[in-house]
Structures are given as C-alpha cells and as structure tokens.
K.L.:
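Sharing a structure, written as structure tokens. Questions coming.
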Amino acid sequence: MDKKSWVHKITEGVYWVGALHWDRRLFDELIPLPEGTSYNSYIIFGSEKTALIDAVDFSKQKILVENLKSLDVKRIDYVISNHAEQDHSGEITKVLELYPESKVVTNPKCKDFLKELLLIPDDRFITVNDRQPLSLGDKTLEFIIAPWVHWPETMLTYLREEKILFPCDLFGSHLATTDLIAEDGAELYRGAKRYYAEIMMPFKNLVKQHIAKVEGLGVRMIAPSHGPIYKNPSFIINAYKEWTSDDVKNEVVLPYVSMHGSTEKMVYYLIEALVGRGIVVKPFNLTVTDVGELAMSLVDTATLVIAAPTMLVGPHPYAVYAAYLVNALRPKLKFFGIVGSYGWGSKMVETIEGILTNVKAEKLPYVVAKGYPKVEDFKSLDRLADAIAEKHKGLRIL
Ligand code: FEO
C-alpha cells in the first residue's frame, strides 16, 4: 500500500484520500488492533475552494501525498483539523508545505494544541466557532464544536449540501478494510463497539449530547476518520444510543488472575454458580487477555467481579491493571464485587477499592479465602451468586 495511491469517490466532489494501516497491531502502545486501523482523510472540491478534512498519521505521509497527486490536486485552500491527535493531524505540516496557500481551519483550542504538537505558525490558522459555516462555493462546511470525544478540542465537520458528517474519532472503528463504505452488520457493529469502549466510554454523558446534535442534522452519511463510512447513519447512531443508555445486561464480567490455583478454583466455582442461576458470565484470564475485549465487555454489563490472589500483601499486579483500566473507562456498572485469596495477610481488597474511585456501583459481599478455598468459602460464593441474581432480578434483566 505504501507505494500505490488509492482514492475512493464518496460522492460528487468528495473523495477519501486516507491510508489503511493493515499491519498496525497496537495503538497508544496499549490498545490491541486485531484488524489494523485506518486514518481517513477526505478532500472536498467546491466550485471555488478545496478543503482537506484531517490528515493522516505520521507513518503514512507518502500515501496521503500520492493520493493527492493521483487526483491532481493543484490547490488546497483549507485543511480542516477536527482533532489535534497526531493520527489525524500528523501530516498537516506536510500538506501546508506542499500547498503554501492553505490554512488550517479549526477551533481556538485545537489551534493551541496543534501549535504545541506540530509547531505550526500562528499565521497558518483560521479559527472557527460552533455552527460557523465556511463556503467552498457550491458547497458549505459547518463546524460543530463537540468537546471530549475524546479530547477537549474535538469538533465535527458537516457538509451541508451532501449531508455528510465528518466526526473524526466519534463513531469510528479500528478496522482496516478496502470496503470503505461497509455494509451494516456484526463485523461493523463489533468494531465500532470495541472502539467506543476503548475511546469514548469514559465520556458517555457528553457523547449522548453530541448524538442529539447529530440527530438534529438529518445526516445522510457518516464518514469517521477511523474505519468504514456509514451509509446508514441510524445504524451507528442507534448503537451509540444503546451503549450510552443506562440499560445494562444480565452479565457478570469476571477479570481474574491466579498464581497457585486458589483464586482460579473460586472463579470457576463462581462461574458455575452464576450460570446455574441464569446469568451470563464473561471471564477474562488477565495473563492472556486482550484489553480491547475486556473493555468491550464492560460497555453493558450489569456486574463486575475482580478476582485476584494476594502478592506482597496487595493484589496481584494484573488485577491492579484491570482495576485501573475499569476506573479509567468508567463503565455503567450497577454492581461490583471482589473475590480472592491470601496466604498470611492481605490488603488486596482495600487496594482494589482504592483504585476504583470513579466506579459508583453498589458493592457486593466480598469473598476472600485464606489459602485454598474451603466449604465456608464456597458457601460464601453461593451467597454472592444469590446476591447477584437478586440484584439482576431487581433490575428486571433476569
Ligand atoms: Fe484517532 Fe484521538 O485520534
């Protein structure tokens, strides 16, 4: 792909000129990318002006330049920057160099970020405010300030005449596919849900507000800056409404780690006890867990139980990692529990609780065994399963 330009016509005068990154397997040195990702960039030719929406990641400069060449782009008047993060802004400086007449169009906060991150001089910017239009002649862009999806400076760009929304990260998915305008379906849903869990879930209340704004536009197409374009906007809007709603599922997410089998024995017992009560369980052995899968499972689970042995008095470090991740992602949990074991002394429970400061879920009875679990511990696990079943019944999800 690096040597060959490849553009895709979206509609009259609007082209995808981004880059697919098939073989990227990690984002932010944290998030696994089992299906790669894409950095979408779009060029819009108006009768008087030309605008480029978002530029690609640093690593894909050659592709963007070749794509622009292949369309014989002689002039770019505006480089719209919806978001300053470098996977979308990285090559703005190259575009400014190749097209010296071009100006970066963005909001004041994003301008500040771009100046810090990319050292773009002040005189290369035009700043815009919420709902401000920008004429390209026969086409009009409108900017919608939408902070915290997922940085404080994020905005959406709307092409009024064609009713296409360019929301950058919002509604995106880490999915590298040549099928740029994908069919609705399970693959697209899963990719978008995983992305929502990893990137947008901590901001779900703000996301809700932005969805309401988007619905008011009556968009015909949503063209994010990662993953495929949605030709049926209601597919992704409805999915986002579901994920950001207060509704939870009859599920227990159970991240666990075990050193000598005591905690594992308790986990397996609890899984059986919960399944026997009609509850879906999603266990994650933290030594082999893809954190994207764990994040996705947290989107709509009613209950989380973290299970860990004690190591050097505190929780096993993998459990600390899971608790920290949960706390950062702020899922809409209703109930929370801890299961684990210790040898001679433990501050495992207090340490995990101390990490989960953002989790407002109701606490369930904790079950911590001294050594290998015994009859009383199994009875406690049965009581925990009973309590979860009762709580789920109370929510009318069981
Ligand atoms: Fe895809 Fe926040 O960058």
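Only heavy atoms go into these numbers, but all of them, side chains included; no hydrogens, no water, no symmetry mates. Atoms within a ligand are numbered from 1 in the order they appear, just like the ligands themselves.
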K.L.:
So does V339 get a backbone contact from the side chain of Y256, meaning a donor-acceptor N/O pair under 3.5 Å?
P.N.:
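No, because the side chain of Y256 does not come within donor-acceptor range (under 3.5 Å) of the backbone of V339.
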K.L.:
Can you give me the NE2-atom 1 (Fe) of ligand 1-NE2 angle for H226 and H88, to 10°?
P.N.:
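About 90° at atom 1 (Fe) of ligand 1.
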K.L.:
Does the S258 side chain pair with the main chain of E264, one donor and one acceptor, at a distance under 3.5 Å?
P.N.:
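Yes; judged by distance alone, with no hydrogens or angles, the pair exists.
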K.L.:
Please determine whether H83 has a backbone or side-chain N, O or S atom lying under 2.8 Å from atom 2 (Fe) of ligand 1.
P.N.:
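Yes, since at least one N, O or S atom of H83 sits under 2.8 Å from atom 2 (Fe) of ligand 1.
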K.L.:
Any salt bridge linking D377 with K265? Criterion: basic side-chain nitrogen under 4.0 Å from a carboxylate oxygen.
P.N.:
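Answer for the salt bridge query: no.
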K.L.:
Are E362 and K391 close enough for a salt bridge, meaning some N to O gap below 4.0 Å?
P.N.:
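Yes, charged N to carboxylate O under 4.0 Å.
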K.L.:
In terms of ring plane angle, is the pair F378 and Y269 parallel, tilted or perpendicular, where the classes change at 30° and 60°?
P.N.:
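Ring orientation, 0 to 90° scale: tilted.
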K.L.:
Looking only at N, O or S atoms, find the one in D87 nearest to atom 1 (Fe) of ligand 1 and name it.
P.N.:
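Atom 1 (Fe) of ligand 1 is closest to the D87 atom OD2, counting only N, O or S.
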K.L.:
At a threshold of 2.8 Å, where the distance has to be below it, does atom 1 (Fe) of ligand 1 have an N, O or S atom of E85 nearby?
P.N.:
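Looking at E85, which is the residue asked about, there is no N, O or S atom under 2.8 Å from atom 1 (Fe) of ligand 1.
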K.L.:
Kindly give the atom name of the N, O or S atom of D169 closest to atom 1 (Fe) of ligand 1.
P.N.:
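Of all N, O or S atoms in D169, atom 1 (Fe) of ligand 1 lies closest to OD1.
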